[in-house]
There are 2 protein chains.
Amino acid sequence: MPTVSSEELAAAAGVNSAKLRKDFSYLGSYGTRGVGYDVEYLVYQISRELGLTQDWPVVIVGIGNLGAALAGYGGFASRGFRVAGLIDADRAMTGKQVAGLTVRHTDELEPLIKESGVSIGVIATPAGAAQAVCNRLVEAGVTSILNFAPTVLNVPEGVDVRKVDLSIELQILAFHEQRKAGEEAELREAEAAAAGQGGKPAADAVARPAARKKRTGQGPDGDVPAVMPA
Amino acid sequence: MPTVSSEELAAAAGVNSAKLRKDFSYLGSYGTRGVGYDVEYLVYQISRELGLTQDWPVVIVGIGNLGAALAGYGGFASRGFRVAGLIDADRAMTGKQVAGLTVRHTDELEPLIKESGVSIGVIATPAGAAQAVCNRLVEAGVTSILNFAPTVLNVPEGVDVRKVDLSIELQILAFHEQRKAGEEAELREAEAAAAGQGGKPAADAVARPAARKKRTGQGPDGDVPAVMPA
DNA sequence: ATGCCTTTGTGAACGCGTGCACAAAGATGG
DNA sequence: CCATCTTTGTGCACGCGTTCACAAAGGCAT
């Protein structure tokens with residue numbers, strides 16, 4: 001398949017074709033009217049725009065289970081990322097092989113960053129060590145940090161930090177799960193009400209502190225919200 | 001501190017106080033005018049709305065580095081998640097202790113789900129095994145899946161899937177990193193141009209297939225885009 | 001060469017979320 | 001009990017991203 005239309009691409013991606021074309025137009029990607037987009041050229045343009053054609057040396061600090069998982073993650077190489085080094089504070093880890101690389105001690109952090117020209121650091125340490133590691137990374141010249149530790153990092157102007165909290169994704173799933181359950185419960189309640197016996201709302205587990213006077217009526221506390229997060 | 005105002009909360013969170021109040025109003029959380037929100041009551045309301053007060057048994061399938069990391073992740077317990085079981089297809093893993101739990105073989109997947117009332121599954125297997133695992137999870141009654149495998153999962157209506165791609169976060173950092181570098185290069189180029197010698201754009205690594213006629217002029221192919229993703 | 005057909009690129013309209021500004025409500029002090 | 005002050009809850013306006021719809025452009029058959 002040498003060429004694709006915005007319509008095909010949009011259907012495959014599950015988005016609107018107009019949006020896709022407009023997005024491409026921002027990139028300056030030129031298709032051919034009446035034909036579509038040349039696949040190879042398009043792939044190259046998007047790859048370059050996204051930085052996939054560049055080589056990004058990355059250092060991973062904290063080689064526990066998560067750090068090891070990241071070191072061995074297959075998706076990195078194909079996206080232009082190269083693990084330039086693994087760092088761990090535990091001397092017992094020093095010298096060990098993880099995912100084909102040798103773990104080095106924290107002492108070697110700065111030389112590693114400078115030698116390899118690392119500008120992106122990944123923090124997979126316990127929460128307590130994260131800020132100290134972050135400071136050393138920044139000091140050594142790292143300007144982008146991916147933080148898996150459950151802490152908010154303070155960084156100077158010009159340094160980007162992205163925080164990944166693995167439990168947030170679960171949280172979102174649980175939220176939807178609750179909504180599903182809530183809707184079912186509501187249906188049952190509605191049926192019960194139709195049968196003549198209104199379902200009475202359960203008392204709050206934590207009482208309202210001050211005077212809990214009127215309620216707007218139509219919604220008990222157990223209501224599901226009208227909005228939902230992403 | 002028994003009570004907080006929306007202003008304080010907004011400042012701490014780095015958002016607009018009006019937005020915060022509006023969001024709270026959607027939840028039906030009632031503050032007290034002239035005083036603010038009762039902290040304990042607010043925490044309880046938000047927790048309940050988010051499902052933190054419920055107990056969510058979770059099964060993790062695929063106990064490699066990532067699965068082990070997830071099993072030991074501290075953030076789960078405090079958010080209401082409980083790892084009900086660890087499953088791995090490798091018989092060599094069966095019976096081993098990971099993060100204080102015993103790894104069980106894939107054969108025990110269905111009974112585990114039914115006994116523990118699991119409705120959320122986490123897939124941390126290699127890409128090849130993910131869809132098969134997914135099918136079995138759904139068949140056994142799981143309705144929410146968190147997928148760490150680099151595959152798109154096909155699921156029936158009513159089942160939620162969230163895909164976590166660890167390299168995407170790095171991708172976003174790299175994109176910004178590229179923009180930073182691009183801006184610096186542009187500055188240098190502008191200086192060079194001011195000195196009389198215009199920087200010439202490098203030829204594309206992949207040639208345009210068809211006729212590459214006019215360009216709108218002001219932007220060489222190496223341009224950074226005018227927009228950026230989240 | 002000419003006309004028709006397909007698909008792009010984009011101006012314009014729509015919808016939604018965010019932020020502003022203010023009235024209502026409750027607390028507090030005289 | 002009334003006046004004043006603080007803070008909530010929310011109608012309204014603005015801005016941005018998405019979608020619609022169509023003119024322009026290129027390919028292709030006759």
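Each chain gets a letter, A, B and so on, in the order the sequences are listed, and its residues count up from 1. Note: hydrogens, waters and symmetry copies are ignored here, and every other heavy atom, side chains too, is used.
Taking every side-chain heavy atom of A/Tyr30 into account, C/dG9 is the closest of C/dG9, D/dT10, D/dT7. Which of D/dT7, C/dA27, C/dT8 sits closest to the side chain of A/Arg33 comes down to C/dT8. Side-chain proximity of A/Ser6 to the nucleotides D/dT10, C/dT8, C/dA27 is greatest for C/dT8. Of the candidate nucleotides D/dT10, C/dG19, D/dT19, C/dG19 has the atom nearest to the side chain of B/Asn16. Listed candidates were C/dG9, C/dA27, D/dT10. Nearest to the side chain of A/Tyr37 is C/dG9.
The 12-atom threshold is exceeded at CD of A/Glu8, counting heavy atoms of other residues, nucleotides or ligands nearer than 6.0 Å.
Of all non-hydrogen atoms in A/Leu70 and A/Val122, the two that sit nearest each other are CD1-CG1, 3.8 Å. Taking both residues in full, the closest heavy atoms of A/Cys134 and A/Val155 are given as SG-CG1, 3.5 Å, listed atom of the first, atom of the second, then distance.
Residues A/Gly34 and A/Phe24 both approach DNA chain C. Their nearest nucleotides, taken by heavy-atom distance, put A/Gly34 toward the 5′ side. Both A/Val35 and A/Arg21 lie close to DNA chain D; mapped to their nearest nucleotides by heavy-atom distance, the more 5′-ward contact belongs to A/Arg21.
The base of D/dT19 lies close enough to the side chain of A/Lys22 for a donor and an acceptor atom to sit less than 3.5 Å apart.
Nucleic acid contact for B/Thr3: none, since no nucleic acid atom lies under 4.0 Å from a heavy atom of the residue.
A salt bridge does not link A/Arg179 to B/Asp160: none of the charged side-chain nitrogens sits closer than 4.0 Å to a carboxylate oxygen. One finds a salt bridge joining A/Lys180 and A/Glu177 here, because a Lys/Arg side-chain nitrogen approaches an Asp/Glu carboxylate oxygen to under 4.0 Å.
Going from atom CG of B/Leu27 over to atom P of D/dT8 covers 15 Å, rounded to whole Å. Between the NZ atom of B/Lys19 and the P atom of D/dG15 there is a distance of 19 Å, rounded to whole Å. The nearest whole Å value for the distance from the CG atom in A/Asp38 to the C1' atom in C/dT8 is 15 Å. Rounded to whole Å, atom P of C/dG19 lies 10 Å from atom CG of B/Asp23. Distance B/Leu9 CG to D/dG9 P: 13 Å, rounded to the nearest Å. Per the geometry, CG belonging to A/Leu20 stands 9 Å off P belonging to C/dT8, to the nearest Å.
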